[in-house]
Amino acid sequence: MRKFQLLFTILQIPVDWLMIWLAFGISYWLRLQDIASIPQAIYMLPLTNYLALTALFALVWVIIFALLGEYNPPMPRNFGKIFRQSVIDVSVALAVLIIVWFGLKEVFFSRLIAGYAWFLAIFLVSFGRYLVVRAKWLLSRYKIIRENIILLGDNETAKELQVWLLKQGSQAKIISEEELATKSVSEIIPKETDQVIVAGDLLHKNGIGLDLINYCEIHGIRFRYLPTMTELKSLHVASEVVRGYPVIELKPTPLEGWGKIAKRIFDFVASSILIILLSPLMIIIAILVRRDSAGPALFIQKRPGEYGREFNCFKYRSMYTHLSTGEGYGGEEADKLRKDLKETKNEGDGLLFKMKEDPRITKMGKWLRKTSFDELPQLFNVLNGDMSLVGPRPPLWDEVEKYNPRQFRRLMVKPGITGLWQVSGRSDASFEEYMKLDMYYIEHWSMLMDIQILFRTVGVVLSKKGAY
């Protein structure tokens with residue numbers, strides 16, 4: 001169901017674009033009509049030029065809608081809310097368009113067309129968004145897609161919510177307070193759960209509150225709860241009303257909805273361009289790695305990605321093959337050597353294992369690590385969607401096994417080729433500093449931050465600061 005949530009968010013974008021373009025098209029036709037009270041237009045753009053221009057305007061409007069937060073899930077189900085939001089979105093977008101007209105001192109089409117477009121766009125955009133919401137509802141209603149929801153709290157509120165959610169086509173299960181007290185969170189809530197709603201005052205009981213929130217964050221489960229009257233008075237956040245009950249959602253990162261879509265589009269386009277531009281260099285490096293020592297040019301290792309989903313992480317091989325750890329490489333001998341080096345010569349901090357003079361690294365490998373060129377094959381991981389250009393570095397499984405609940409939050413987003421800690425110290429930073437920087441990135445993400453990190457990465461790589 002989580003993929004369907006993102007699918008319907010993405011679907012809303014072309015539907016909005018189409019409805020805006022249709023509104024401009026109908027406005028053009030209305031302006032050509034012979035209405036006695038309205039004077040004829042002195043000049044009208046040719047239809048072909050007009051349609052091309054308004055297609056671009058519609059795209060700009062969609063971008064404005066995104067900046068207004070329109071594509072952040074969940075979408076409102078009520079037509080009244082959809083209509084009110086559409087009035088705001090269309091009015092702001094038209095205001096921006098009028099400012100552009102004024103600044104360029106160009107008259108693309110008449111003010112009457114702009115008025116028609118504003119009026120029609122409000123209704124057409126509202127209609128298009130409502131169609132998307134209804135399509136999702138119908139698919140849920142007929143159990144083609146189903147949202148798995150767990151209600152914590154065996155009380156009248158939970159039972160009423162369950163009945164309503166079942167009517168909406170969701171799969172809702174109630175967990176009693178007694179069951180919650182005798183079992184762990186992982187036993188009660190499957191990883192496949194889409195949403196958890198706490199329908200009673202359970203967050204401060206039995207010490208499960210923080211564990212529950214951490215568990216939901218780690219596994220990408222939407223977490224919501226019904227607040228107490230004290231919390232409702234003191235919270236300064238927007239709440240959603242479900243069946244007459246105020247429901248508050250905790251969002252640990254802004255990297256969701258439109259933000260997640262924008263980041264993925266940026267990653268796909270940028271990685272495609274970089275692979276094309278850097279392909280000659282990447283081929284040369286692969287040849288040099290093969291000639292430097294026996295073994296493949298690529299080192300492929302299974303690593304945990306977003307929400308712990310395993311993927312094959314690509315790097316240029318920088319170690320001797322028989323001393324490399326992982327499936328298909330050095331085997332027990334390599335594992336034992338790594339363990340011995342980590343226990344006796346580790347220069348890293350906490351869970352980090354770092355050595356400036358690692359005997360397992362080849363001559364070519366030292367240069368690759370100094371320049372960070374060993375990471376270039378991960379552009380294919382980004383293209384495939386397993387990684388992002390910017391994000392926390394993908395950890396090893398043995399590191400993740402030792403994480404505490406707070407550190408597991410690193411797995412809430414896709415791992416990146418570069419990140420905030422790389423441009424703030426790289427291998428010179430302590431493990432605790434890594435964690436703080438990664439947490440800051442996850443909690444304060446923005447596209448501007450990603451772009452700044454990418455530019456700073458170039459400078460750090462050229463200076464080779466802290467790299468080994």
Side-chain angles (χ1 to χ4, degrees), residues 274-275 278-303 312-326 329-330 334-335 337-342 344-382 387 389-399 415-431 433-434 437-438 453-454 456-468:
L274 288 171
I275 287 171
L278 297 175
S279 56
L281 173 63
M282 295 173 73
I283 293 170
I284 292 171
I285 291 175
I287 295 171
L288 292 175
V289 171
R290 289 292 302 272
R291 294 191 64 179
D292 181 59
S293 62
L298 286 181
F299 175 70
I300 303 173
Q301 189 175 47
K302 293 188 180 299
R303 299 222 180 175
N312 290 322
C313 184
F314 303 135
K315 295 179 71 173
Y316 282 120
R317 181 175 56 82
S318 59
M319 293 184 179
Y320 294 103
T321 305
H322 68 287
L323 300 179
S324 300
T325 58
Y329 295 99
D335 291 337
L337 177 59
R338 182 180 184 275
K339 183 179 178 182
D340 292 342
L341 291 173
K342 188 174 182 180
T344 59
K345 297 185 179 181
N346 185 18
E347 298 171 28
D349 173 77
L351 298 180
L352 292 177
F353 175 35
K354 295 288 183 180
M355 284 182 63
K356 287 185 179 179
E357 297 298 330
D358 194 327
R360 302 172 298 168
I361 299 177
T362 65
K363 291 181 180 179
M364 183 67 185
K366 290 180 180 178
W367 178 77
L368 286 173
R369 292 195 174 198
K370 278 286 184 183
T371 57
S372 296
F373 285 171
D374 60 323
E375 314 286 355
L376 287 179
Q378 288 169 18
L379 289 171
F380 290 97
N381 286 125
V382 176
M387 292 180 63
L389 289 174
V390 181
R393 287 293 298 144
L396 297 169
W397 275 114
D398 60 353
E399 293 174 3
I417 296 179
T418 186
L420 190 56
W421 67 260
Q422 283 94 333
V423 300
S424 303
R426 299 181 76 193
S427 299
D428 296 335
S430 68
F431 178 73
E433 288 172 328
Y434 288 163
L437 291 168
D438 283 343
I453 289 172
L454 288 171
R456 289 172 64 185
T457 298
V458 176
V460 170
V461 170
L462 292 176
S463 69
K464 302 179 184 178
K465 180 183 176 183
Y468 55 85

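Treat the numbers as computed from the prediction; the structure is a model and nothing was measured.
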A334 and S324: which non-hydrogen atoms are nearest, and at how many Å?
CB-O, 3.4 Å
May I have all residue pairs that pass side-chain hydrogen bond (donor to acceptor under 3.5 Å, both in side chains) and include part of residues 285-298, sequence neighbours excluded?
D292-T362, S293-R317
Under 4.0 Å between a Lys/Arg side-chain N and an Asp/Glu carboxylate O for D398 and K339?
no
When rounded to the nearest 0.5 Å, the distance separating OG1 of T325 from CG of L396 is 7.0 Å
Quick one: do S318 and R369 satisfy side-chain hydrogen bond (donor to acceptor under 3.5 Å, both in side chains)? Show the steps, please.
CA-CA 8 Å; S318 59; R369 292 195 174 198; 3.0 Å; yes
Inter-residue atom distance T418.OG1 - L389.CG, 0.5 Å rounding:
9.5 Å
Nearest atoms (heavy-atom pairs only) where L298 meets Y316:
CD2-CD2, 4.2 Å
Between P359 and L323 the two heavy atoms that sit nearest each other are O-CD1, 4.4 Å
Please identify which of these residues, L420, D438, L437, meets the side chain to side chain contact (heavy atoms under 4.5 Å, CB included) condition with P392.
D438
Residue set satisfying side chain to side chain contact (heavy atoms under 4.5 Å, CB included) with D358, at least two apart, ordered chain then number -> M319, L341, M355, R360, I361
Minimum heavy-atom distance V390-G419, with the two atoms named:
CG1-CA, 4.3 Å
Main chain of G295, side chain of Y320: is a donor-acceptor contact present, judged purely on distance under 3.5 Å?
no
Test your reading of the model: is there a side-chain donor-acceptor pair from R303 to the backbone of C313, 3.5 Å cut-off?
no
Could you grab the distance from atom CH2 of W367 to atom OG1 of T371, nearest 0.5 Å is fine?
4.5 Å
Please set out all donor-acceptor pairs under 3.5 angstrom arising from side-chain atoms of residues 373-382, sequence neighbours excluded.
{"residue": "E375", "atom": "OE1", "partner": "Q378", "partner atom": "NE2", "Å": "2.8"}
{"residue": "E375", "atom": "OE1", "partner": "R393", "partner atom": "NH2", "Å": "3.1"}
{"residue": "Q378", "atom": "OE1", "partner": "R393", "partner atom": "NH1", "Å": "3.1"}
{"residue": "Q378", "atom": "NE2", "partner": "F314", "partner atom": "O", "Å": "3.3"}
{"residue": "N381", "atom": "OD1", "partner": "F314", "partner atom": "N", "Å": "3.0"}
{"residue": "N381", "atom": "ND2", "partner": "N312", "partner atom": "O", "Å": "2.8"}

Work out which heavy atom in I417 is nearest to a heavy atom in M387; give both atom names and the distance.
N-CE, 3.8 Å
